[in-house]
2 protein chains.
Amino acid sequence: MIRLEGVTKTYLTGAGAVHALRDVDLEVRAGEFVAIMGQSGSGKSTLMNILGCLDRPTSGTYRLDGRDVGRLPDSVRAKLRGAAFGFVFQSYNLLPRMSALEQVELPLIYQRVPNRRHLAAEALVRVGLADRAHHQPTQLSGGQQQRVAIARSLVVNPRLILADEPTGALDTKTGQEVMQLLTDLVDQRGITVVLVTHEQSVADFARRTLRMRDGMIVEDVVRPSL
Amino acid sequence: MIRLEGVTKTYLTGAGAVHALRDVDLEVRAGEFVAIMGQSGSGKSTLMNILGCLDRPTSGTYRLDGRDVGRLPDSVRAKLRGAAFGFVFQSYNLLPRMSALEQVELPLIYQRVPNRRHLAAEALVRVGLADRAHHQPTQLSGGQQQRVAIARSLVVNPRLILADEPTGALDTKTGQEVMQLLTDLVDQRGITVVLVTHEQSVADFARRTLRMRDGMIVEDVVRPSL
Ligand SMILES: Nc1ncnc2c1ncn2[C@@H]1O[C@H](COP(=O)(O)OP(=O)(O)OP(=O)(O)O)[C@@H](O)[C@H]1O
Ligand SMILES: Nc1ncnc2c1ncn2[C@@H]1O[C@H](COP(=O)(O)OP(=O)(O)OP(=O)(O)O)[C@@H](O)[C@H]1O
Ligand SMILES: [Mg+2]
Ligand SMILES: [Mg+2]
């Protein structure tokens with residue numbers, strides 16, 4: 001499903017070049033559940049941005065179902081993102097002055113899905129926020145904002161969910177509930193999930209764990225079926 | 001140093017009243033290292049905002065060194081904050097388009113401290129970001145942004161540091177380095193630290209742990225000297 005070959009990402013700053021990704025090769029098959037761990041600054045979010053077609057490699061290729069998406073025009077990539085991917089960003093990215101329900105409904109509006117309000121309400125129930133549907137971001141706790149972002153990422157039933165520290169602001173119990181929700185999506189609907197985390201207890205939900213250091217994947221471990 | 005008595009915080013929304021804090025009594029002595037844990041939505045950030053004089057109780061009193069700060073005018077509370085408190089917010093709150101060095105220097109400008117640039121640079125060294133001094137927030141990873149916020153919180157040598165999930169975006173090793181840094185501030189400079197976390201390994205650095213549920217402190221445990 002996902003194939004990265006020789007992917008690099010270099011940022012040019014006043015102080016010199018930053019090699020955020022150096023020669024990354026990666027294959028992820030449909031239906032896999034992958035965790036990515038690694039030091040702060042090792043390139044995890046950069047990798048996620050490239051996987052989600054939010055950023056382009058400096059060199060190398062990204063094939064999604066055999067199609068070189070790194071070279072497609074922006075408009076095509078934008079359509080792809082909306083239809084195929086669900087994102088949970090490291091800083092949730094909720095829009096100001098929209099209620100939780102409206103935030104979750106947003107991807108469905110772009111995809112012209114009918115029955116949107118009902119699907120959005122249902123997604124909020126799944127993350128335990130039915131009673132916060134009409135709260136705006138400033139009226140939500142950090143963990144509640146993160147859960148709204150999670151609900152938004154799965155409401156279009158995407159084929160691929162890219163979640164950057166999806167439990168970073170959640171207490172252990174709520175975090176485990178979210179991980180169980182993601183596990184069910186993988187097991188029951190064959191959705192592919194790639195998530196970044198620094199907590200081993202979260203990574204343990206995934207069958208495969210990658211470790212990154214200095215812009216490279218230094219470890220790739222698949223555990224046998226549980 | 002800190003004394004809360006009968007503190008409540010109620011938000012009025014279209015859907016009804018939200019009792020974010022219900023009857024909180026709390027005493028924290030100077031030089032203590034306190035961790036606060038509890039479920040998402042249990043009132044931790046609300047409590048931190050009141051402790052930091054960023055928000056006022058709906059009822060009850062907050063005495064800081066015997067002085068009722070909940071009743072002081074905004075201008076006096078603002079001065080107090082700048083001089084006495086260091087904050088790490090749950091969503092880092094860096095200013096757009098300012099370099100890491102400038103972000104850390106900001107509290108020193110308000111306090112009219114000389115030698116600012118040097119103190120700011122030193123604080124960045126302490127959180128491992130000497131080589132990111134001139135990067136802007138969009139050029140920093142999530143964990144790097146969080147560390148800039150941490151450096152900013154300690155640059156004025158505050159008496160009290162209030163840190164809301166200060167290691168939420170940090171890998172385990174970097175998180176432990178930050179916790180060691182906070183421990184040294186407590187042990188060597190008698191700074192009081194109150195931090196929110198959902199990770200037991202982080203809470204274990206503090207001698208005292210409070211647990212919150214539904215707006216109340218339900219547990220308060222001091223461990224014997226280590
Ligand atoms: N301005 C507001 N208006 C209405 N409700 C609010 C407002 N701010 C916070 N709340 C509610 O108050 C409760 C406590 O919020 P708080 O941010 O203190 O929780 P928290 O313990 O920090 O949670 P988390 O671990 O998720 O960050 C939550 O249920 C939240 O929805
Ligand atoms: N726009 C940019 N310009 C310059 N450098 C950048 C830019 N974006 C990211 N970087 C640098 O690239 C490196 C990788 O960043 P990235 O956000 O991928 O790290 P990360 O693994 O997600 O870290 P964290 O765990 O802290 O979130 C970092 O050292 C960062 O400073
Ligand atoms: Mg990141
Ligand atoms: Mg909070």
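A note on names: the letters A, B, ... follow the listed sequences, proteins ahead of strands, and every chain is numbered from 1.
Ionic pairing of B:R81 and B:D74 is not present here: no N-O contact between side-chain nitrogen and carboxylate oxygen is shorter than 4.0 angstrom. A:E32 has no carboxylate O lying under 4.0 Å from a charged side-chain N of A:R207, or vice versa, which leaves the two without a salt bridge.
When the heavy atoms of residues 38-51 of chain B are compared with those of chain A, the residues falling under 4.5 Å are B:G38, B:Q39, B:S40, B:G41, listed by number. Among the residues in residues 165-178 of chain B, those with a non-hydrogen atom closer than 4.5 angstrom to a non-hydrogen atom of chain A are B:E165, B:T167, B:G168, B:A169, B:L170, B:D171, B:T172, B:K173, B:T174.
With a 4.5 Å cut-off on non-hydrogen atoms, A:V196 does not touch chain B at all. Contacts between A:E199 and chain B at a heavy-atom distance below 4.5 Å involve the side chain alone, from C-beta outward.
Side chains of B:T8 and B:T58: no donor on one and acceptor on the other come within 3.5 Å.
Of all heavy-atom pairs spanning B:T209 and B:A203, the tightest one is OG1-O, 4.1 Å. Listed here is the closest heavy atom pair of B:V222 and B:R208: CG2-CG, 3.8 Å.
Between A:F89 and A:F87, the ring planes are parallel. Angles under 30° get that label, and only those over 60° would be called perpendicular.
Legend: residues meeting side chain to side chain donor-acceptor pair (under 3.5 Å) with B:R22, ordered by chain and number and at least two apart, are absent.
Annotation: side chain to side chain donor-acceptor pair (under 3.5 Å) contacts involving residues 130-139 of chain A, sequence neighbours excluded, are absent.
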